[in-house]
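Shown next, in structure tokens, is the structure this report addresses.
Residue numbering restarts at 1 for every chain, and letters A, B, ... go by the order of the sequence lines. What you see below is based on every heavy atom in this structure, not just the backbone, and it leaves out hydrogens, waters and symmetry mates. Keep in mind the model is a prediction, meaning the values are calculated, not measured.
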Amino acid sequence: MLELNEGKRDDRTFFADVILPLAISKTYTYRVPQALKAQVAVGKRVVVQFGKSRIYTAIVYHISETPPQLYEAKYIMDVLDEIPVVNAHQISLWEWISSYYMCHIGEVMQAALPSALKLASETRVVLMKDAVYDKGELSDKEFLIMDALEIQPELKVSDIAKLLGQKSVFRLLKSLFDKGIIHISEEIAERFKPKQLTFLRLNSYYDEPENKRALFEILEKSPKQLEVLLAYMKLSRNAPSSVAKKDLLEESGCSSAILKTLITKEIFISESRVVSRLYEQDQALSPEFRLSDDQQAVSESIKTHFQDKDVTLLHGVTSSGKTQLYVKLIEEVIQSGKQVLYLLPEIALTAQIIERLRAYFGKKIGIYHSRIGDNERAEVWNKVLNKEYSVVLGARSAVFLPFSELGLIVVDEEHESSYKQYDPAPRYHARDTAIYLAHLHRSKVLLGSATPSLESYYNAKTGKYGFAELKQRYGDSNLPVIQVVSIAEETSRKTMQSHFTSVLVAEIKQALGRKEQVILFQNRRGYTPMLICKTCGYIPQCIHCDVSLTFHKSTGKLHCHYCGYKQDTVSVCPACGSTHIEQKGFGTEKIEDDLQFIFPDARISRMDLDTTRSKNSFQRILNDFEDQKIDILVGTQIVAKGLDFDKVTLIGIINADSLLNYPDFRAFEKSFQLLSQVGGRAGRRERQGKVIIQSHNIHHRVIDQVIHHNYEGLFRTEMTERKSFHYPPLYRMIRIDVKNKDQFVLNEAAQRLAAEFRNVLGARVLGPEDPLVTRVRNFFIKTMYIKIEREGISVSKVKNFLKSALLTFDTDKRNKGTIVQVDVDPY
DNA sequence: AGCACGCCGACT
DNA sequence: GTCGGCGTGCTC
């Protein structure tokens with residue numbers, strides 16, 4: 001690290017600023033002892049004492065020759081690495097994350113480094129299971145540690161230090177760790193429970209035509225079993241090697257006992273597989289597969305975009321073979337000697353995809369996600385560091401790996417909200433972080449999705465990103481139909497019945513006649529989202545939030561949907577005394593009411609936050625719907641949560657126009673993805689699935705562009721011609737938690753902060769939540785959301801503003817409120 | 001994050 | 001008179 005003049009003694013003293021794995025915003029300066037001078041370097045782990053007794057692994061951030069003026073620096077105790085475990089790009093990335101997501105750099109370090117790489121005095125060490133080691137090869141001190149661990153299987157690092165009578169034992173532990181005989185204790189928590197299904201396949205013995213013929217002859221005598229076999233033949237034609245037990249039993253109409261005999265006879269092989277109905281089942285990646293002409297063309301177009309764009313969005317419908325395309329691109333990049341990061345959301349990282357890519361890339365690919373153990377994490381980290389892996393397939397946290405020269409980052413299913421970390425800081429979005437990481441490496445990013453997020457779509461359409469599409473032609477017969485119906489037109493023809501077009505009413509009638517079910521989607525709770533005085537224009541608003549109050553018929557009160565504030569409804573205008581107060585807009589309550597009037601015999605239920613608030617009500621409604629005790633389900637986005645209904649053939653979106661603003665659009669988008677699957681499912685069952693979108697302005701560009709675009713290929717579209725392209729304004733939501741032990745002080749502080757946001761930034765402020773304040777021990781915490789226009793106010797402006805707001809908080813003693821958490825949402 | 005220091009209530 | 005509650009502030 002240091003330039004030494006040959007032959008001349010170097011008596012300079014160096015000081016290292018280090019990052020500690022703690023929620024502290026500063027770096028701390030330590031003195032480099034002469035003995036360690038040659039070893040200390042930026043990015044290496046060092047052992048330092050912090051405070052009276054605590055010892056941590058820190059990362060060297062900066063080295064200087066200037067001693068601190070105001071205090072005497074402590075010495076670095078030890079250096080753990082021969083080569084830095086963290087490179088300069090990573091430190092830049094950490095800095096960016098801590099500034100963009102407003103957290104401490106130590107928190108980023110905490111999230112980034114596997115815990116095996118950051119021993120602290122409280123870390124617990126355990127013996128490796130079935131560890132084989134030669135006692136003769138251990139040093140005396142190592143031997144002592146092992147002896148202690150044989151007696152007591154779990155020891156704190158500080159206990160070991162006490163045992164040996166020395167302060168720093170990290171180096172010793174690292175040596176034992178490297179020998180593979182101890183590891184870091186971890187609580188194994190299997191939080192993630194994947195959905196499993198039993199699949200069946202015919203024993204490969206019967207692939208031979210003559211064996212198959214023989215099988216048919218044998219089964220002649222047992223007709224029931226033959227039926228199962230025939231059903232299997234039928235099903236496997238569409239989906240080879242993925243015949244689900246459930247489907248097979250249904251198709252054959254046989255009991256599971258009959259199937260069981262077939263399995264015992266080894267005619268069928270049963271296997272249980274993790275399924276994810278959200279993700280495509282791609283074709284197998286045989287070592288020599290070739291891209292189709294379509295895939296090849298799209299791949300070329302992506303490469304062309306990469307010549308002048310850093311990011312390209314690939315819009316590819318489900319099972320259009322996106323994975324195959326990625327694999328070929330990845331292969332090209334690694335052949336040029338660069339590394340590739342392939343990100344997938346946690347739930348999409350199934351055993352199949354991992355196995356398939358492992359089979360294809362062999363030892364060159366590393367897997368990194370939250371379900372692998374910490375030792376394995378450290379191993380992957382080191383292999384990326386040593387460039388043993390040129391590809392890493394990973395979830396969110398894989399963006400933190402020590403890549404030295406990335407050539408490409410693939411972010412698949414880029415719209416997935418699980419890329420955003422919510423709970424502990426750093427609250428980063430892996431997709432956006434990946435884009436910044438790529439920028440540091442001068443690498444390219446490919447975002448892939450069948451249903452791109454609006455912000456990515458926006459960036460693609462405005463030319464910031466490249467855009468490529470991978471389409472797949474479907475047979476038209478069983479595709480669900482999507483139809484946009486004009487409310488405006490029906491209004492002028494006077495064929496509207498309340499909020500329902502004649503088209504929707506007719507479709508509902510037909511579906512009910514066929515004993516099929518209907519889901520109606522209206523993303524507004526309550527009866528009427530707004531009251532307005534026709535005389536003076538007064539609108540009852542929440543006393544805390546910048547929103548109008550929603551009238552709820554069930555309570556007879558006006559509710560604020562952001563903070564929960566309630567007040568009695570008004571029949572006389574408080575501003576002018578007029579009684580001419582009009583209800584504007586409609587919510588699920590009103591849809592339910594009006595629908596019952598049109599279909600008096602139909603069994604209608606409503607599913608929104610209000611009807612599912614109590615403990616089991618959500619499941620009860622779902623069960624009732626599944627058991628066909630309900631004909632029509634009216635609901636908000638919540639209906640998309642448990643959707644998996646066979647008898648649903650019609651989905652109606654009552655008013656698409658009201659969904660086009662954030663954050664509604666986000667919910668609508670998500671729901672629509674799920675609704676489209678229900679539609680598709682209905683189609684597969686040889687019923688015509690249909691989605692009807694009602695809209696005032698049928699030419700609305702968002703409906704035309706986004707919906708049409710995203711779902712082309714999934715639906716047969718009956719759309720009007722497309723008009724010019726305009727997006728609704730995109731917003732950023734910034735969440736701020738404010739904390740204080742005194743509720744009154746907290747209120748006042750939050751109000752002041754909200755007022756400042758409104759006045760200074762012109763932002764909309766939602767919350768602070770009054771009755772819904774959370775209590776943590778003896779603190780009150782309020783959450784408020786600041787809604788700012790994405791194009792209008794930059795995040796840095798907000799952050800600067802926050803800093804000054806924080807200052808006024810701290811200087812004003814009486815109104816001291818602490819901002820405990822800030823969260824930047826990309827939408 | 002931890003941990004010490006410090007200032008107020010119920011105990012041998 | 002002291003033990004212990006947690007509120008506040010510091011850690012290179």
List the residues meeting ring pair (Phe, Tyr, Trp, His ring centres under 6.0 Å) with A:H439, not counting sequence neighbours, and say none if there are none. A:Y436
[X] [atom1] - [N] [atom2] separation (whole Å):
X	N	atom1	atom2	value
A:Y28	C:dC10	OH	C1'	7 Å
A:R54	B:dG2	CZ	P	7 Å
A:I55	C:dT11	CD1	P	18 Å
A:K26	C:dG9	NZ	P	13 Å
A:Q49	B:dA4	CD	P	12 Å
A:Y30	C:dT11	OH	P	11 Å
A:F50	B:dC3	CZ	P	12 Å
A:L20	C:dC10	CG	C1'	13 Å

So, for A:H104 and A:I24, which heavy atoms are closest and what is the spacing to 0.1 Å?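 Heavy-atom minimum between the residues: CB-O, 3.4 Å.
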Would you confirm whether the ring centroid of A:Y389 sits within less than 6.0 angstrom of the ring centroid of A:Y368?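 No.
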If you compare every side-chain N and O of A:K52 against the phosphate oxygens of B:dC3 (OP1, OP2), does one of them come in below 4.0 Å?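 Checking A:K52 against B:dC3: no side-chain N or O falls below 4.0 Å of OP1 or OP2.
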With a 4.0 Å limit, can you tell me whether A:Y56 has a side-chain N or O closer than that to the phosphate oxygens OP1/OP2 of B:dG2?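 Affirmative; the distance criterion is met.
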Knowing that exactly one of A:E413, A:E416, A:E414 qualifies, which makes a salt bridge (Lys or Arg N to Asp or Glu O under 4.0 Å) with A:R431?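 In the set A:E413, A:E416, A:E414, the residue that makes a salt bridge (Lys or Arg N to Asp or Glu O under 4.0 Å) with A:R431 is A:E414.
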Using a cut-off of 4.0 Å on non-hydrogen atoms, how would the nucleic acid contact of A:Y71 be classed: base, sugar-phosphate, or nothing? base
Pick base, sugar-phosphate or nothing for A:Q110, based on heavy-atom distances below 4.0 Å to the nucleic acid.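 If one applies the 4.0 Å heavy-atom cut-off, A:Q110 turns out to touch nothing in the nucleic acid.
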